[in-house]
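In what follows, chains are A, B, ... by sequence order, proteins preceding strands, each numbered from 1.
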Amino acid sequence: MKKKSGIISNLYIILIMIFLFAPMAVLIFFSFNSGKSTAVFEEFSLYWYGVVLKDSETLNALKNTLILAVTSTAISTLMGTAAAYGIGRMKKRYLKSAVMSVTNIPMMNPDIITGISLMLMFVFVGTMLGLSDKLSFWTMLIAHVTFSLPYVILSVLPKIKQMDNSLPEAALDLGCTPVQSFFKVEIPEIFPGIMTGAIMAFTMSLDDFVISYFTKGSSFQTLPLLIYSMTKKRVTPKIYALATIIFVVILILLIISNLSGSKDERLRAKIAKRKKKEDRENTD
Amino acid sequence: MNAQKKLKAEEKALRSGGRSLLQKFAAAPHIVWSVLFIIIPLIFVVYYAFTDRDFNFTLENIKAFFGENYLLIFWRSVKLALIATFICLLIGYPAAYFISKASPKKQKILITLIMLPMWMNFLIRTYAWMVILQDTGIINSFLGKLGIDTIHIIGTESAVVIGMVYDFLPYMIMPIYSVMTKLDHRLIEAASDLGCNGFGVLRRVIIPHSIPGVISGITMVFVPSISTFYISQKLGGGKFYLIGDAIETQFLANNLHMAAALSFVLMVILLAGMFIVDRFSDRNEGGFMP
């Protein structure tokens with residue numbers, strides 16, 4: 001009886017995986033096609049990879065994407081961590097919940113509304129200031145910081161709540177100034193949360209299309225925007241080659257971060273276990 | 001001794017006073033940012049929605065929405081998003097359940113695999129389905145080889161629903177899975193000890209406890225589905241519009257006031273929906289966990 005249900009669940013999970021990965025497999029398969037067709041495989045070739053890697057438009061878009069992702073991640077991580085720190089220590093409950101509900105708006109709203117709302121304001125303010133380029137790199141940067149912030153805050157906030165309050169107090173008792181205690185005791189304690197938030201902000205910025213689409217300037221093209229304009233034109237395996245490269249890079253990054261992450265997690269699990277043991281001994 | 005203690009306490013109070021100043025201002029940049037780039041832009045949506053090109057008050061944009069054309073588009077968006085959400089729930093719920101039953105090591109691998117496609121840009125994911133479903137695509141050339149008549153999928157509402165399900169399925173699986181892993185297994189044991197069979201355990205313990213996960217899954221699939229414009233363009237063949245397409249068209253035509261009006265209506269309807277779901281889930285929680 002138990003074995004039977006095991007077979008069913010395995011089969012079901014395999015079917016889901018096929019559904020999730022079949023399109024990727026098709027894409028990767030046809031990226032090695034020598035011809036232009038996306039239905040008939042002619043001959044194995046790396047021709048389209050050569051085309052992508054030599055394409056200055058693609059490389060430029062990649063550079064822009066990275067610039068935008070790095071700057072928006074830096075700003076949102078800094079501001080978000082500080083915000084989580086402040087929110088975590090807020091005394092007035094209504095203020096806390098008000099700040100949190102506003103923070104969550106970009107997460108709850110559909111991207112298209114976040115994009116349109118920012119665009120309307122940028123266009124309005126730009127017109128008032130008489131700017132010729134109302135939308136630019138800067139408007140995109142503001143948009144990316146805005147939609148990344150809630151993710152940073154939500155990653156850091158639980159770490160601040162988990163933090164043992166006696167730690168900074170001990171640091172103060174032992175002669176640290178508040179600033180020293182913040183950087184030497186509190187920051188290391190919440191660092192895993194900051195990292196998670198930063199990674200999330202970075203990947204979301206890399207991946208975003210909808211909000212970028214509405215707040216983009218005419219001269220600043222990112223990779224998702226380029227892919228969008230490419231898919232508007234005729235289909236070529238160039239896009240598949242590009243997609244495959246992105247996919248492989250992400251895969252490698254994931255494996256690396258997973259390997260280091262699992263190490264980190266193992267350590268944390270150990271600590272948690274030890275703490276539990278101590279607690280039990282204390283209560284006994 | 002006592003004096004020393006007092007001194008220390010005073011010192012501490014002084015320090016914590018300094019600290020609370022730091023704490024007070026730590027959130028200030030974020031609060032200013034949120035007002036400038038979250039609240040004010042939303043006010044601009046309302047402002048544009050109720051004004052004409054010269055920024056005079058008008059109800060024309062909202063009235064245009066209630067014309068036959070936009071109502072049809074809106075109804076179609078709601079319908080397709082609901083169908084996609086329902087299918088995601090149908091497929092995703094058992095998947096989340098089975099994954100939560102696996103060994104911890106296997107769970108971790110499976111969750112990574114489920115999330116892996118999400119790391120691929122959704123434009124490319126959608127595009128891959130266009131390649132598969134098109135009339136000269138993989139499915140049809142395969143059917144042709146088998147000597148079966150080809151099927152026409154691309155450009156239909158079904159193709160759009162397939163795209164939505166594919167793109168957003170992990171958003172359904174993840175929250176349900178995370179609720180299920182938190183389920184106390186002693187509850188299941190207690191239920192079976194008290195005479196529940198497998199189905200009874202599912203109906204009386206597992207499903208009621210997973211309701212919060214299901215609700216966040218539903219919102220996480222429904223919201224991007226109803227507001228999409230790329231999926232309908234690529235898989236719907238541009239033949240029929242969803243509300244997202246309508247907003248994009250008005251944006252491209254530089255008709256920002258109409259785009260704002262459509263966004264405003266979409267926002268109001270989603271808010272109403274969330275409110276209803278919230279009420280519903282509150283009542284459920286009260287009912288199941290007295």
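Using a 4.5 Å cut-off between heavy atoms, I226(B) does not touch chain A at all. With a 4.5 angstrom heavy-atom cutoff, L252(B) touches chain A only via side-chain atoms. Both the backbone and the side chain of M108(A) come within contact range of chain B, each with at least one heavy atom under 4.5 Å from a heavy atom of that chain. Residue contact with chain A, scored on non-hydrogen atoms closer than 4.5 Å, is absent for P224(B). With a 4.5 Å cut-off on non-hydrogen atoms, M220(B) does not touch chain A at all. When heavy atoms are compared at a cutoff of 4.5 Å, Y228(A) approaches chain B by way of both its backbone and its side chain. Of the atoms belonging to I132(B), it is side-chain heavy atoms, and not backbone ones, that fall under 4.5 Å from chain A. For L42(B), the parts sitting under 4.5 Å from any heavy atom of chain A are the backbone and the side chain alike. When heavy atoms are compared at a cutoff of 4.5 Å, I124(B) approaches chain A by way of both its backbone and its side chain. Heavy atoms of K234(B) lying under 4.5 Å from chain A belong exclusively to its side chain. Residue contact with chain B, scored on non-hydrogen atoms closer than 4.5 Å, involves the side chain of I13(A) exclusively. Interface residue Y12(A): only side-chain heavy atoms are found under 4.5 Å from chain B. Heavy atoms of T146(A) lying under 4.5 Å from chain B belong to its backbone as well as its side chain.
Inter-residue side-chain proximity for M140(A) and L225(A) is flagged as met; some heavy-atom pair is nearer than 4.5 Å. Between Y127(B) and Y240(A) the shortest side-chain heavy-atom distance falls below 4.5 Å.
Your options are F122(A), F147(A), F21(A), and the one with the most heavy-atom pairs under 4.5 Å with chain B is F21(A). The choice from L20(A), V123(A), L27(A), L149(A) that makes the most heavy-atom pairs within less than 4.5 Å of chain B is L20(A). Interface check for chain A: of the options I43(B), I39(B), N121(B), the most heavy-atom pairs under 4.5 Å are formed by N121(B). Counting heavy-atom pairs under 4.5 Å between each of V145(A), L242(A), N10(A), L223(A) and chain B puts V145(A) at the top. Contact tally against chain A (heavy-atom pairs below 4.5 Å) for V165(B), V35(B), L116(B): the top residue is L116(B). Put simply, of V223(B), L123(B), I114(B), the one with the most heavy-atom pairs under 4.5 Å next to chain A is L123(B). Contacts with chain A were tallied for F37(B), Y230(B), Y166(B); Y166(B) has the most, counting heavy-atom pairs under 4.5 Å.
For the side chain to side chain donor-acceptor pair (under 3.5 Å) with Q250(B), the lone residue among D245(B), N61(B), N255(B) that qualifies is N255(B).
A distance of 11.0 Å separates OG of S148(A) from CD1 of I153(A), quoted to the nearest 0.5 Å. Here the CE-OG1 distance, from M120(B) to T244(A), works out to 6.5 Å after rounding to the nearest 0.5 Å. To the nearest 0.5 Å, atoms OG1 (T215(A)) and CE (M121(A)) are separated by 11.0 Å. Going from atom OG1 of T103(A) over to atom CH2 of W33(B) covers 13.5 Å, rounded to the nearest 0.5 Å. One distance of note links CG of L242(B) with OG1 of T228(B); it measures 7.5 Å at 0.5 Å rounding.
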*Would Y48(B) and F264(B) satisfy ring-ring contact (aromatic ring centres under 6.0 Å, His included), going step by step from the backbone distance to the final call?*
CA-CA 9 Å; Y48(B) 268 78; F264(B) 175 70; over 10 Å; no

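Of all non-hydrogen atoms in T65(A) and A61(A), the two that sit nearest each other are OG1-O, 2.6 Å. Taking all atoms of both residues into account, the shortest heavy-atom contact from P110(A) to L270(B) is CG-CD1, 3.3 Å.
Ring to ring, F55(B) and Y47(B) are close: their centroids are under 6.0 angstrom apart. Here the two rings, on F251(B) and F229(B), have centers that are 6.0 Å apart or farther.
Residues of residues 87-99 of chain B lying within less than 4.5 angstrom of chain A, judged on heavy atoms, are L90(B), I91(B), P94(B), A95(B), F98(B), I99(B) in numerical order.
The number of heavy atoms from other shown groups lying within 6.0 Å of OH (Y171(B)) does not exceed 12. Heavy atoms of other residues, nucleotides or ligands lying less than 6.0 angstrom from CE of M100(A) number more than 12.
Remark: D111(A) engages D208(A), V210(A), I211(A) in a side chain to side chain contact (heavy atoms under 4.5 Å, CB included) (not counting sequence neighbours).
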